[in-house]
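Ligands are counted one by one from 1 in listed order, and the atoms in each one are counted from 1 as well.
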Amino acid sequence: MANFDPHKGYAPLLAETLVTESQLQMRCGELGGQISEDYAGREVLLICILRGGVMFLTDLMRHIRVPCQIDMMAVQSYGLGARSSNGEPRITLDLNSSIRDRHVLLVEDIVDSGHTIAQVLKILQTREPASLKVCALLNKQSRRQAHVPLSYVGFEIEDKYVFGYGLDLDEYFRNLPFIGVLKPEHY
Ligand code: PRP
């Protein structure tokens, strides 16, 4: 990432707006409606993968009409094949709640290589949830290295460097209400 001055705002960095605020809000409504239908008669535990999934979670959950609870977890991202010294993916922040016999829906901002969500699925499956599914706002299918089943996808996107709406540039700009594409000269 090239240096930039966050005090100058996002405009000098923005090549184009990829998903507008209204498109994001509309899609959250659609996904929330679909999830509400699919989980009718059940309760769902929404698990946000920190930190990028925070804004998507808070907007999505407004549209979920079945009883739901939330929890958060964070996992150290590794490259292909990399693992911590004991051979297991590393949790840097674990859940507060037990997921045993519960219907769990992971909420992610973006699935790229798929390694992060694959690691999280592997960890959570051992805790014997009643069901375990993934809702990803953005899917970069062309970058996939690990097979991960995505039950809900907001938008299929090309391999561009995106930021905003939870996704960061050097930890900045997660607060933007839209998703933008970074100018190539800043890669
Ligand atoms: C991003 C994103 C996903 C992951 C996707 O997280 O939020 O968790 O990368 O990439 P993958 O499919 O190639 O594993 P990041 O590690 O940047 O942390 P953040 O959520 O705190 O921004």
Side-chain angles (χ1 to χ4, degrees), residues 1-4 6 10 13-15 18-19 21 23-24 27-28 31 45-61 70-84 87-96 99 104-127 129 132-184 186-187:
M1 174 73 58
N3 287 336
F4 62 88
Y10 66 84
L13 306 167
L14 185 68
L18 188 66
V19 191
E21 182 174 3
Q23 287 172 323
L24 286 164
R27 194 72 184 114
C28 284
L31 289 170
L45 175 63
L46 304 172
I47 294 181
C48 178
I49 313 297
L50 296 174
R51 285 160 286 183
V54 167
M55 200 177 286
F56 180 41
L57 171 79
T58 57
D59 280 344
L60 179 68
M61 66 189 288
I70 64 169
D71 207 338
M72 315 272 170
M73 71 181 299
V75 177
Q76 181 71 52
S77 290
Y78 293 105
L80 181 64
R83 291 290 185 273
S84 57
E88 294 298 320
R90 195 163 76 90
I91 301 171
T92 53
L93 178 71
D94 207 344
L95 302 171
N96 268 326
I99 64 167
V104 173
L105 183 59
L106 300 179
V107 178
E108 256 287 28
D109 55 337
I110 186 166
V111 179
D112 191 311
S113 71
H115 289 303
T116 301
I117 207 73
Q119 289 165 0
V120 171
L121 287 169
K122 181 182 171 189
I123 293 166
L124 297 187
Q125 203 67 62
T126 65
R127 301 181 186 181
L132 180 57
K133 293 185 174 180
V134 180
C135 177
L137 177 65
L138 305 177
N139 184 31
K140 270 189 192 175
Q141 190 64 43
S142 63
R143 296 257 306 167
R144 193 70 85 254
Q145 295 177 357
H147 173 70
V148 281
L150 303 181
S151 297
Y152 306 94
V153 172
F155 301 91
E156 299 284 346
I157 66 168
E158 295 174 19
D159 185 15
K160 294 178 177 177
Y161 199 122
V162 290
F163 67 103
Y165 198 72
L167 295 109
D168 72 302
L169 290 181
D170 287 355
E171 297 301 328
Y172 293 101
F173 304 122
R174 292 189 196 269
N175 55 314
L176 297 178
F178 61 89
I179 293 171
V181 176
L182 183 65
K183 285 180 179 172
H186 292 286
Y187 283 16

Q) Residues two or more places apart in sequence or in another chain: which of them pass salt bridge (charged side-chain N to carboxylate O under 4.0 Å, His left out) with Asp71? A) none
(Q) As a check for students: among Asp109, Val148, Asp168, identify the option with a heavy atom nearest to atom 7 (O) of ligand 1. (A) Asp109
Q: Give the numbers and elements of all ligand 1 atoms closer than 4.0 Å to a heavy atom of Ser113.
A: 11 (P), 12 (O), 13 (O), 14 (O)
**Q.** Test log, rule salt bridge (charged side-chain N to carboxylate O under 4.0 Å, His left out), inputs Asp94 and Arg127
**A.** CA-CA 12 Å; Asp94 207 344; Arg127 301 181 186 181; 2.9 Å; yes
Q: With heavy atoms of His115 as the reference, note each atom of ligand 1 found under 4.0 Å away.
A: 12 (O), 14 (O)
Q. Roughly how far, to the nearest 0.5 Å, is CG of Leu137 from CG of Asp59?
A. 9.5 Å
Q) Of all residues at least two apart in sequence or in a different chain, which pass the side chain to side chain contact (heavy atoms under 4.5 Å, CB included) check with Val153? A) Asn139, Leu150, Glu156
Q. Between Lys133 and Pro149, is there a donor-acceptor pair closer than 3.5 Å when you use the side chain of the first and the backbone of the second?
A. no
Q) Under 3.5 Å, N or O to N or O, is Gly52 touching ligand 1 that way? A) yes
(Q) Could you work out, for atom 14 (O) of ligand 1, the closest of Val120, Thr116, Leu137 by heavy-atom distance? (A) Thr116
Q.
When you measure from the heavy atoms of Gln119 to every atom of ligand 1, does any distance fall below 4.0 Å?
A. no
Q: Please work out whether the ring planes of Tyr172 and Phe4 are parallel, tilted or perpendicular, with thresholds of 30° and 60°.
A: perpendicular
Q: Report yes if Gly114 has an N/O atom closer than 3.5 Å to an N/O atom of ligand 1; otherwise report no.
A: yes
Q: Check each of Arg51, Glu108, Lys140, Arg174 against atom 22 (O) of ligand 1 and report the one with the nearest heavy atom.
A: Arg174
